[in-house]
Amino acid sequence: MARFRTWVSIALAGVLGASLAGCSSTGGKRAEDAAKAEAAQGRAAVDTPRWTFAMVTHSGDGDTFWDIVQKGAQQAAVKDNIKFLYSHHDEAQQQAQLVDAAIDKKVDGLIVTLAKPGAMKAAVERAVKAGIPVVTVNSGSEKSKEFGALTHIGQDEEIAGEAVGEELNKRGRKKALCVLHEQGNVGHEQRCDGVRESFDGKLVNLYVDGTNMPDTQAAIEARLQTDKSLDSVVTLGAPFADAAVKAKEGASSKAEINTFDLNAKVAQGLKDGTLGFSVDQQPYLQGYEAVDLLWLYHYNADVLGGGQPVLTGPQIITEKDADALADYTKRGTR
């Protein structure tokens, strides 16, 4: 029953996405042009009060995934007449302190990630106790409701991992390396666990320091050199796919490189065949919907999801999809 509700959520997200796409290419182009003009001029589409929403994530410096999340949130904030504040730290204790700082500012809404939920629990509960509505995004869906958040927006990490395992089976892979770039991140563990659950072959975990890309590349290369039976590598973030490609070349390996998440470089890699597939969780949508749902809660007491996470993925992206998504990745929204 839980799995049924999850897939219903995915189907609902698809219906909503289709409805937003518009009825014709002309109408969609006009809507897109209007949105660009609106954002450029900084005009809101509503006349509600100028509430302040803060987003606090576990992102490290230079992570392009979170640039896409921010872009979605910022564009929704323009539309909704919201003052948007963004801060981040890849250390959980510092992230919790940033949440406390947002509480002290008496923000009207809070968006947080729960990559390390144990360290974030008290801070989120303080926000809820202070009367600040909270939406969680990206990670920590299983703890979101328990901590008092209105809803969670993102993908179910185990289901996403299972989708990867099923795709590896279709491709006839027998042994895969799952590269975890942030130790202690529960979402990353869940992704690899999901792959292991559905993959008919053998999955091996490799822990690397994602803040040091040369070391990450060297660690992957070393593993590929010592284990020639590895025929697939799965990285858990788009920036690490390129390091895996270079590691494959250095090790003279024939392993296929696959990744979670999408950016312009990944789209190009899918197109030219250096990457096999990627798993997109639509980070732009995570940021956009988080701001929009907080606005709807203030404006109309609306809550989306019915007690279940609002799913933005997974979507398997392959070579045949690369051209269609190329323009979106170049502008930084996919």
Side-chain angles (χ1 to χ4, degrees), residues 13-14 16-45 53 55 57 59-86 88 111 113 137-138 153-155 235-242 245 259-275 277-293 295 310-334:
L16 288 171
S19 67
L20 289 171
C23 298
S24 70
S25 59
T26 302
K29 182 64 164 57
R30 287 175 180 166
E32 184 178 340
D33 289 345
K36 287 179 180 177
E38 187 92 5
Q41 296 172 28
R43 290 202 305 264
F53 296 165
M55 175 183 278
T57 76
S59 168
D61 292 331
D63 191 331
T64 56
F65 177 91
W66 292 103
D67 293 340
I68 302 173
V69 175
Q70 282 186 75
K71 185 165 289 188
Q74 288 163 347
Q75 292 193 1
V78 170
K79 175 180 69 70
D80 293 338
N81 193 31
I82 299 301
K83 180 179 179 181
F84 178 71
L85 307 175
Y86 180 80
H88 67 95
I111 303 161
T113 60
V137 297
N138 182 258
I153 302 172
Q155 70 180 4
T235 63
L236 302 187
F240 304 95
D242 188 54
V245 169
T259 189
F260 282 77
D261 302 333
L262 183 69
N263 61 17
K265 203 160 192 176
V266 168
Q268 182 58 44
L270 294 172
K271 186 176 180 178
D272 63 27
T274 55
L275 297 177
F277 66 89
S278 70
V279 188
D280 187 25
Q281 60 175 304
Q282 302 184 101
Y284 176 90
L285 193 57
Q286 291 178 14
Y288 191 99
E289 287 302 316
V291 169
D292 228 21
L293 289 184
W295 177 84
V310 178
L311 301 185
T312 62
Q315 179 184 11
I316 298 292
I317 306 294
T318 64
E319 179 185 2
K320 65 182 177 62
D321 308 299
D323 278 338
L325 296 175
D327 287 344
Y328 304 134
T329 59
K330 287 176 183 176
R331 76 180 184 191
T333 57
R334 286 297 293 266

Fill in: Flag, side chain of Thr259 to backbone of Gly237, donor-acceptor distance under 3.5 Å
yes
Worksheet item: Between the side chains of Gln74 and Tyr86, is a donor N or O closer than 3.5 angstrom to an acceptor N or O?
Response: no
Worksheet entry | Close side-chain approach of Pro283 and Asp261, heavy atoms under 4.5 Å | no
Practice prompt. Quick one: list whatever passes side chain to side chain donor-acceptor pair (under 3.5 Å) with Lys271, sequence neighbours left out.
Written response: Asp323
Worksheet item: Is Asp272 atom CG crowded by more than 12 heavy atoms from other residues, nucleotides or ligands, each under 6.0 Å away?
Response: yes
Response to the item:
In short, Ile111 meets Ala290 closest at the heavy-atom pair CD1-CB, 3.7 Å
Discussion item. Can you tell me how far apart CD (Glu289) and CD1 (Ile153) are? Round to the nearest 0.5 Å.
Written reply: 6.0 Å
Worksheet item: Where do Asp63 and Pro239 come nearest, in terms of heavy atoms and distance?
Response: OD1-CG, 4.2 Å
Fill in: Test item: Val69 and Thr57 side chains (from C-beta on) under 4.5 Å apart, heavy atoms
no
Response to the item:
CZ of Phe240 to OG1 of Thr235, rounded to nearest 0.5 Å, is 8.0 Å
Worksheet item: To the nearest 0.5 Å, what is the distance between CG (Asn263) and CG (Asp280)?
Response: 10.0 Å
Practice prompt. Please test Trp66 against Thr113 for side-chain contact (heavy atoms from CB on, under 4.5 Å), starting from the C-alpha separation and ending with a verdict.
Written response: CA-CA 11 Å; Trp66 292 103; Thr113 60; 3.5 Å; yes
Practice prompt. Measure across Gln75 and Tyr284 and return the closest heavy-atom pair with its distance rounded to 0.1 Å.
Written response: OE1-OH, 2.7 Å
Practice prompt. Assess whether side-chain contact (heavy atoms from CB on, under 4.5 Å) is satisfied between Ile316 and Val279, documenting all intermediate values.
Written response: CA-CA 5 Å; Ile316 298 292; Val279 188; 3.8 Å; yes
Practice prompt. Can you see which heavy atom on Ala267 is nearest to which on Ala322, and at what distance?
Written response: O-CB, 3.5 Å
Discussion item. I'd like to know if the side chain of Lys265 reaches the main chain of Ala241, judged simply by a donor and an acceptor atom lying under 3.5 Å from each other, with no hydrogens or angles considered.
Written reply: no
Discussion item. Going by side chain to side chain contact (heavy atoms under 4.5 Å, CB included), Leu275 matches just one of Ile317, Val245, Asp242. Which one?
Written reply: Val245
Response to the item:
Rounding to 0.5 Å, atoms CZ (Phe65) and CG (Leu236) come to a distance of 12.0 Å
Discussion item. Which heavy atom of Ile68 sits nearest to which heavy atom of Leu262, and what is that distance?
Written reply: CD1-O, 3.9 Å
Worksheet item: Does some side-chain heavy atom of Phe84 sit less than 4.5 Å from a side-chain heavy atom of Met55?
Response: yes
Practice prompt. Keeping the roles fixed (side chain from Gln286, backbone from Gln281), state whether a donor-acceptor pair exists under 3.5 Å.
Written response: yes
Discussion item. With a 4.5 Å cut-off on side-chain heavy atoms, are Lys79 and Asp292 touching?
Written reply: yes
